[in-house]
Amino acid sequence: DVREKNGEVTVEMTLTSPGCPLAGEIDAKVKGAVRGIKGIRKLRIELIWDPPWTQDMISEEAKAELGLD
């Protein structure tokens, strides 16, 4: 979920688990993507855990790529 006010953006996202080994990489990619948007002055990423992540949240394309279909 993304909230924006006067160029200040908060991105709410969840990871697969609190110990997700890709957390740093995901964080960096999200920051890079959002900071590339014109008008963004300040970015805050907030990790949320509700709703908990499940495989149902993966797109059909990603499931096929991962062999989960």
Side-chain angles (χ1 to χ4, degrees):
D1 187 30
V2 177
R3 292 177 280 138
E4 183 271 334
K5 184 176 181 180
N6 299 322
E8 295 185 13
V9 175
T10 299
V11 175
E12 293 179 342
M13 67 179 193
T14 190
L15 301 172
T16 55
S17 71
C20 177
L22 295 176
E25 186 175 330
I26 294 168
D27 183 75
K29 288 186 181 273
V30 170
K31 285 177 180 174
V34 174
R35 287 188 174 136
I37 299 171
K38 185 179 179 179
I40 301 299
R41 296 185 307 107
K42 184 177 179 182
L43 169 62
R44 177 173 174 242
I45 295 179
E46 183 178 323
L47 289 178
I48 59 171
W49 304 104
D50 187 37
W53 184 88
T54 68
Q55 286 188 5
D56 293 335
M57 296 175 172
I58 302 174
S59 70
E60 292 303 317
E61 181 179 291
K63 285 180 186 178
E65 186 76 24
L66 296 168
L68 299 174
D69 53 348

Once rounded to the nearest 0.5 Å, what's the spacing between atom [atom1] of [X] and atom [atom2] of [Y]?
X: Asn6; Y: Arg41; atom1: CG; atom2: CZ; value: 6.5 Å
X: Leu22; Y: Leu15; atom1: CG; atom2: CG; value: 9.0 Å
X: Met57; Y: Thr54; atom1: CE; atom2: OG1; value: 5.0 Å

Subject >> With Glu60 via side-chain contact (heavy atoms from CB on, under 4.5 Å) - residues at least two apart >> reply: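 Only Lys63 meet the side-chain contact (heavy atoms from CB on, under 4.5 Å) criterion with Glu60.
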
Subject >> Partners meeting side-chain contact (heavy atoms from CB on, under 4.5 Å) with Ala62 (sequence neighbours left out) >> reply: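 Listed in chain order: Ile58, Ser59.
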
Original post:
Can you check whether Gln55 reaches Leu68 side chain to side chain, under 4.5 Å on heavy atoms?
Top reply: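 They are in contact (side-chain heavy atoms under 4.5 Å apart), so the answer is yes.
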
**OP:** Indicate yes or no: at least one non-hydrogen side-chain atom of Pro18 is less than 4.5 angstrom from one of Trp49.
**Re:**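 They are in contact (side-chain heavy atoms under 4.5 Å apart), so the answer is yes.
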
**OP:** Assess whether side chain to side chain contact (heavy atoms under 4.5 Å, CB included) is satisfied between Met13 and Ile45, documenting all intermediate values.
**Re:** CA-CA 7 Å; Met13 67 179 193; Ile45 295 179; 3.8 Å; yes

**OP:** Not counting sequence neighbours, which residues clear salt bridge (charged side-chain N to carboxylate O under 4.0 Å, His left out) with Glu61? List them please.
**Re:**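 If we apply the salt bridge (charged side-chain N to carboxylate O under 4.0 Å, His left out) test to Glu61, skipping adjacent residues, there are no hits.
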
**OP:** Go through the structure and list residues passing salt bridge (charged side-chain N to carboxylate O under 4.0 Å, His left out) with Lys29, not counting sequence neighbours.
**Re:**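 Once residues adjacent in sequence are excluded, Lys29 has no partner under the salt bridge (charged side-chain N to carboxylate O under 4.0 Å, His left out) criterion.
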
**OP:** Could you list the residues that satisfy side-chain hydrogen bond (donor to acceptor under 3.5 Å, both in side chains) with Lys31, not counting sequence neighbours?
**Re:**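 Per chain and number, Lys31 pairs via side-chain hydrogen bond (donor to acceptor under 3.5 Å, both in side chains) with Asp27.
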
Subject >> Pair listing, side chain to side chain donor-acceptor pair (under 3.5 Å) test, anchored in residues 13-24, at least two apart >> reply: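 Residue pairs with at least one partner in residues 13-24: there are none.
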
**OP:** Show your working on side chain to side chain contact (heavy atoms under 4.5 Å, CB included) between Arg35 and Leu43 and close with a plain yes or no.
**Re:** CA-CA 7 Å; Arg35 287 188 174 136; Leu43 169 62; 4.1 Å; yes

Original post:
Going by an N to O cut-off under 4.0 Å, is there a salt bridge joining Glu8 and Arg44?
Top reply: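 Looking at Arg44 together with Glu8, the answer is no, because their closest N to O distance does not fall below 4.0 Å.
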
**OP:** Give the cluster check for Ile26 versus Trp53: same hydrophobic cluster or not, with ILVMFWY residues linked at side-chain heavy-atom distances below 4.5 Å.
**Re:**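 In one cluster: no.
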
